[in-house]
Protein chains: 2
Amino acid sequence: MNLRELSKTLGLSQTTVSRALNGYPEVSEATRKRVEAAALRHDYRPNTRAKSLATGRTMTIAHVIPMSTKHEMVNPVFADFIAGAGETYQKAGYDMLLSVVSDPEEANAYRGLAARNTVDGMIVHAPRAEDPRLALLRKLDVPFVVHGRFPGVDEGDGYSWLDTNNRRGFERATSFLIDLGHRRIALINGLPELDFAIRREDGYRRALDAAGLPFDPALVRGDEMTEFYGHDAAAEMLDAPDPPTAFLTSSMIVAMGVRRAIQDRGLALGRDVSVITHDDDLSYFRTSTPEPTFTALHSSVRDHGRKCAQMLIDLIADRTRAPMRELLEADFLVGRSTGPAPAADWRITATQRD
Amino acid sequence: MNLRELSKTLGLSQTTVSRALNGYPEVSEATRKRVEAAALRHDYRPNTRAKSLATGRTMTIAHVIPMSTKHEMVNPVFADFIAGAGETYQKAGYDMLLSVVSDPEEANAYRGLAARNTVDGMIVHAPRAEDPRLALLRKLDVPFVVHGRFPGVDEGDGYSWLDTNNRRGFERATSFLIDLGHRRIALINGLPELDFAIRREDGYRRALDAAGLPFDPALVRGDEMTEFYGHDAAAEMLDAPDPPTAFLTSSMIVAMGVRRAIQDRGLALGRDVSVITHDDDLSYFRTSTPEPTFTALHSSVRDHGRKCAQMLIDLIADRTRAPMRELLEADFLVGRSTGPAPAADWRITATQRD
DNA sequence: ATGTTCTGTCAAAGCGCTTTGGACGATACG
DNA sequence: CGTATCGTCCAAAGCGCTTTGACAGAACAT
């Protein structure tokens with residue numbers, strides 16, 4: 001059922017039917033009702049392609065998801081981010097196009113989406129150091145919103161972004177541990193080229209500096225955030241001569257690995273070793289207990305998805321508007337994984353036990 | 001840059017340029033080279049919408065991801081499945097449209113995609129008991145491939161699907177545990193209405209039946225597969241009077257929760273309590289060690305994505321072809337989480353220790 | 001009665017592509 | 001030499017929609 005058939009059925013012109021359905025005022029209320037009833041009866045919905053060819057708007061937004069060829073990993077936070085964005089799109093009548101693309105095709109993917117007029121806008125994921133995408137996207141002249149920020153150019157205008165205050169969050173978490181008496185604090189971070197990892201390390205370092213504590217590279221790791229990575233990194237550090245008494249981790253799943261390494265060694269989480277994690281509030285890691293297991297910096301990535309989507313929709317509606325920026329503070333929730341630094345001799349006991 | 005401009009630049013008709021770029025034989029090799037060079041130089045790519053309006057093919061495939069309103073959870077396996085499907089689409093020149101949709105809008109989402117001619121085909125996720133989608137999709141007359149099967153109608157033809165042999169896998173895993181001497185075997189399953197969960201329980205029951213062991217409902221749980229769920233379910237069972245000596249879990253993340261519950265109680269995984277898990281081989285749960293931590297049924301969901309996508313592409317290419325079906329056997333890999341059932345008195349020791 | 005402004009409708013153009021049905025030389029064949 | 005065939009190319013129609021510009025007819029003012 002297309003517009004022509006529908007209008008023929010009604011004995012009206014395509015013009016009138018189109019106008020009636022799109023809410024234009026030039027059509028009488030009586031005919032509008034008649035048209036709407038007929039449209040509903042025949043389950044008529046305008047052909048997306050024809051409509052967008054005629055209007056020049058595609059009502060589609062692309063998410064280009066980078067998939068590193070090195071690691072072949074799809075970051076699990078995307079699932080939740082996309083769920084959030086999807087909610088917003090649905091309400092606004094947008095479709096979501098997903099491009100999972102590996103490094104070498106990346107630039108081409110963005111160019112293709114723009115040149116083929118496939119989408120009205122894009123969401124950019126996982127900005128990283130030396131990221132060529134900012135320059136590319138500016139050249140392409142397509143509205144876009146970045147989830148995160150491009151390192152180095154954050155305060156410069158010219159693009160819209162939404163980000164958690166990673167620096168402040170990790171500075172705060174580190175200070176919290178320092179206040180509890182911890183002096184050897186490890187950071188189990190994400191891939192070092194990613195912007196959020198850079199900022200988190202920055203916050204961590206600032207807190208150490210402020211407390212006059214030395215930065216020890218042996219206590220910092222950066223990699224793809226899996227449970228095994230968390231476990232192995234923590235195990236290695238805990239088995240080293242001067243082990244940390246506290247860990248900061250960049251994701252819940254890494255924290256689980258750290259916890260396992262701690263417990264494997266007969267140590268108690270929150271008593272012998274403290275852990276603070278960043279928590280993206282992923283739906284499948286959500287705890288049911290009222291008191292959180294982990295002391296954590298909470299920042300719902302699903303909510304980020306919703307907000308980024310809305311920003312982009314607003315940007316598309318008025319392409320001339322100034323870039324939008326939103327810096328969200330993570331909630332710091334104290335759970336059961338942190339406690340005062342143990343007395344200096346606990347390590348000996350632990351080592352003997354091991 | 002569009003076709004008309006490009007053809008004007010070249011002093012050729014749109015017809016010729018279009019044919020040259022689409023590899024039709026009615027154009028001389030010399031002009032084809034000339035056209036291709038010009039297209040490259042101007043970074044010309046045909047407008048997706050115009051092309052699909054003219055051809056009637058959208059070169060887009062939809063994935064409708066159900067999001068239960070009860071749980072608001074996005075299953076983490078989707079990320080990997082979609083990464084796999086995305087690879088295939090990219091190679092074949094397809095775009096991927098994602099609809100994250102909650103129960104009440106579900107039917108409308110499918111109808112809309114079909115009626116608006118937005119996509120050439122759909123991938124159907126998470127088939128469940130009493131699923132209204134099969135009837136709906138048949139009526140819509142859109143090619144589709146189901147990841148999994150609709151319970152009850154699996155052997156009937158009429159639709160294409162790709163599935164792991166969940167029944168056989170869990171039957172095998174259960175038998176393996178029985179052979180090791182386990183008599184009290186728990187099943188920590190996914191949401192009970194989901195087809196894979198139904199089949200897994202079926203396999204589990206068959207193995208118990210075959211061994212003459214009773215089915216104990218107290219040893220079976222079904223819910224959203226989170227780490228906490230796995231932990232809590234296992235903790236409860238282990239603390240009950242007649243605890244299981246082995247667990248079957250439906251996902252790696254549930255297995256991690258089970259492991260935590262086991263270790264919390266001072267029990268050793270693989271010695272005091274055995275665990276076998278289904279493992280979707282998600283990229284962020286992949287272990288680096290050569291010997292797997294968990295004895296597991298492996299079945300790469302990313303590979304499922306690749307294969308489902310290819311099936312659908314083939315189906316779209318020839319809509320008259322017979323429905324395709326593919327039943328994949330999971331690899332059974334023995335890791336360190338299983339061992340002989342402990343002597344009957346171990347429980348007393350464990351309980352005292354607790 | 002005449003001109004003016006609305007109201008409600010329509011025919012037709014256009015969005016950027018593919019594809020049908022020729023046209024026009026050049027070549028091959030009888 | 002006339003005719004059939006082939007290789008290249010083109011003009012124009014059409015995909016299903018929106019939107020421009022025009023046009024009757026009713027309503028209003030003069």
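Letters go in sequence order (proteins before strands), and every chain restarts at 1.
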Rounding to a whole Å, what distance do you find between [X]:[atom1] and [N]:[atom2]?
X: B/Leu12; N: D/dT8; atom1: CG; atom2: C1'; answer: 10 Å
X: A/Glu26; N: D/dA24; atom1: CD; atom2: C1'; answer: 17 Å
X: A/Arg49; N: D/dC17; atom1: CZ; atom2: C1'; answer: 14 Å
X: B/Leu6; N: D/dC10; atom1: CG; atom2: C1'; answer: 16 Å
X: A/Arg4; N: C/dC10; atom1: CZ; atom2: P; answer: 16 Å
X: B/Glu5; N: C/dG16; atom1: CD; atom2: P; answer: 8 Å
X: B/Leu3; N: C/dC15; atom1: CG; atom2: C1'; answer: 13 Å
X: A/Tyr24; N: C/dC6; atom1: OH; atom2: P; answer: 21 Å

Flag, side chain of [X] to backbone of [Y], donor-acceptor distance under 3.5 Å:
X: A/Tyr110; Y: A/Met122; result: no
X: A/Thr48; Y: B/Arg116; result: yes
X: B/Ser160; Y: B/Met324; result: yes

Response to the item:
Side-chain atoms of B/Ser18 come closest, of C/dT9, C/dT18, D/dG16, to C/dT18
Worksheet item: Between D/dG16, C/dC17, C/dT9, which nucleotide has the shortest distance from any of its atoms to the side chain of A/Thr31?
Response: C/dT9
Worksheet item: Any donor-acceptor pair under 3.5 Å between the side chain of A/Thr15 and the base of D/dT19?
Response: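 Result: at least one qualifying N/O pair found.
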Discussion item. On DNA chain C, compare the nucleotides closest to A/Val17 and B/Thr16; which residue's is nearer the 5' end?
Written reply: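 The residue closer to the strand's 5' end, by nearest nucleotide, is A/Val17.
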Worksheet entry | Pair A/His125 and A/Phe81, ring centroids less than 6.0 Å apart |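 Yes, close enough.
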Worksheet item: Which comes earlier along DNA chain D counting from the 5' end, the contact point of B/Leu53 or that of A/Asn22, where each point is its nearest nucleotide?
Response: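 Of the two residues, B/Leu53 wins.
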Is [X] close enough to [N] that one of its side-chain N or O atoms is under 4.0 Å from OP1 or OP2 there?
X: B/Thr55; N: C/dT18; value: no
X: B/Lys51; N: C/dG16; value: no
X: B/Ser13; N: D/dA11; value: no

Worksheet item: What's the shortest heavy-atom distance between B/Ala20 and B/Val27, and which atoms?
Response: CA-CG1, 3.8 Å
Item to complete: Could you tell me whether A/Lys8 and A/Glu5 make a salt bridge, using a distance below 4.0 angstrom between a side-chain N and a carboxylate O?
Response: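 A salt bridge is absent here (no side-chain N lies under 4.0 Å from a carboxylate O).
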Worksheet item: Looking at B/Glu87 and B/Arg306, does any basic side-chain N land under 4.0 Å from a carboxylate oxygen?
Response: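 Answer for the salt bridge query: yes.
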Worksheet item: Got a sec? Which of residues 114-122 of chain B come in under 4.0 Å of DNA chain D, heavy atoms?
Response: none
